[in-house]
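Structure, as structure tokens:
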Amino acid sequence: MTAAFTIAIDGPAAAGKGTISKAVAAHFGFKHLDTGLLYRAVGAKTLLGMDPIKAAQALKAEDLHASDLRSPEVAQAASRVAVLAEVRAALVDFQRSFARRQGGAVLDGRDIGTVICPDAEAKLFITADADVRARRRYEELAGKGGGLRYEQVLAEVRERDARDRDRAAAPLVPAKDAALIDTSQMSIEDAILAAISVIEERRS
Ligand code: CDP
């Protein structure tokens, strides 16, 4: 088993972090944690009336498998609970111990390279124009039904990005030493290859 090696992948909503992170983890044989799911699971509990800080402090592994965590309502709830420093603090230890597991880890989110794993061996910031990201998310959600409009998805992506960027606690910002990949004009296959090549460089 190889030593700990952390890959931090951050970026705005629907930039392709999830797909790239899964592919990178498969390529290197590392485990992957989608940290957005932690905030989505807490957000989902607040939609049921729970206090966000209590929900974060009591979060269990099985909560990450709740149905509907990918819905737009839960995404908005996630970004609302994510502004709370106490919610973020409750989720730090779990993320850090995952990051330092033997055999390597890929974590994707908003603050992995800046706050959770500032010493990560490789950092990527994946971005794309808001309209490209909204189009991709619209197509993903439309595939599941639900009668969404593209304009609505774009407005929600913009609203969530603004909330994530402007918050005081762990705002969405690239780490100084992160490699930036703009996927606006790239196929997902090319974006994955670009990510792998940046990480290969940091490994050598
Ligand atoms: O999949 P998508 O990029 O749309 O969102 P996500 O990664 O599942 O994250 C949902 C929300 O959780 C974000 O809009 C952030 O507000 C919050 N989040 C965060 O604050 N920090 C993280 N490390 C991950 C997610």
Side-chain angles (χ1 to χ4, degrees), residues 6-22 32-47 52-53 55-56 59 63-96 98-99 105-118 120 123-141 143-144 148 152-175 178 181 183 188 191:
T6 308
I7 302 173
I9 303 189
D10 291 305
K17 299 181 304 292
T19 310
I20 293 171
S21 299
K22 280 193 200 84
H32 169 226
L33 177 64
D34 169 1
T35 66
L37 271 187
L38 303 172
Y39 296 90
R40 285 174 182 261
V42 175
K45 288 185 184 267
T46 64
L47 294 178
I53 299 168
L59 202 68
D63 297 330
L64 306 184
H65 303 294
S67 62
D68 239 23
L69 290 186
R70 297 277 168 209
S71 73
E73 295 73 27
V74 171
Q76 290 295 339
S79 88
R80 284 194 297 268
V81 302
V83 306
L84 302 171
E86 294 94 331
V87 165
R88 308 198 71 84
L91 304 174
V92 167
D93 287 351
F94 175 74
Q95 295 176 82
R96 287 201 178 134
F98 187 96
V106 181
L107 287 82
D108 77 277
R110 301 291 185 289
D111 62 338
I112 307 303
T114 49
V115 173
I116 301 295
C117 305
K123 298 182 187 177
L124 298 174
F125 193 87
I126 312 284
T127 185
D129 297 341
D131 54 335
V132 173
R133 292 186 284 114
R135 175 65 57 194
R136 290 180 188 154
R137 182 54 51 92
Y138 169 74
E139 278 160 15
E140 186 185 322
L141 293 167
K144 295 180 186 163
L148 278 175
Q152 187 188 342
V153 176
L154 177 63
E156 288 190 359
V157 159
R158 288 211 163 111
E159 187 188 335
R160 202 143 60 85
D161 284 353
R163 203 185 284 125
D164 291 349
R165 286 196 177 110
D166 294 345
R167 68 188 178 209
L172 169 67
V173 60
I181 301 181
T183 68
I188 191 65

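Order of listing sets the numbers, starting from 1, for every ligand and every atom in it.
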Does this structure show an ion pair linking [X] with [Y], if we count only N-O contacts that are shorter than 4.0 Å?
| X | Y | result |
| --- | --- | --- |
| Arg136 | Glu139 | no |
| Glu156 | Arg160 | no |
| Arg70 | Asp34 | yes |

Which protein heavy atom lies closest to [atom], and at what distance to 0.1 Å?
| atom | value |
| --- | --- |
| atom 16 (O) of ligand 1 | Asp164 OD1, 2.6 Å |
| atom 10 (C) of ligand 1 | Arg160 NH1, 3.5 Å |
| atom 24 (C) of ligand 1 | Thr35 OG1, 3.4 Å |
| atom 8 (O) of ligand 1 | Arg40 NE, 2.6 Å |
| atom 1 (O) of ligand 1 | Arg137 NH2, 3.3 Å |
| atom 7 (O) of ligand 1 | Arg110 NH1, 3.0 Å |
| atom 12 (O) of ligand 1 | Tyr39 CB, 3.5 Å |
| atom 3 (O) of ligand 1 | Lys17 NZ, 2.9 Å |

Within the 4.0 Å heavy-atom shell around [X], which atoms of ligand 1 are there?
| X | result |
| --- | --- |
| Ser79 | 14 (O), 16 (O) |
| Ala78 | 11 (C), 12 (O) |
| Ala13 | 3 (O), 4 (O) |

message: Heavy atoms only, cut-off 4.0 Å: how does Arg167 contact ligand 1, side chain, backbone, both, or neither?
response: side chain
Which option out of [options] puts a heavy atom nearest to [atom]?
| atom | options | value |
| --- | --- | --- |
| atom 20 (O) of ligand 1 | Arg70, Glu140, Arg88 | Arg88 |
| atom 17 (C) of ligand 1 | Ala82, Ala77, Ala15, Ala14 | Ala82 |
| atom 25 (C) of ligand 1 | Gly109, Pro171, Gly36, Pro72 | Gly36 |

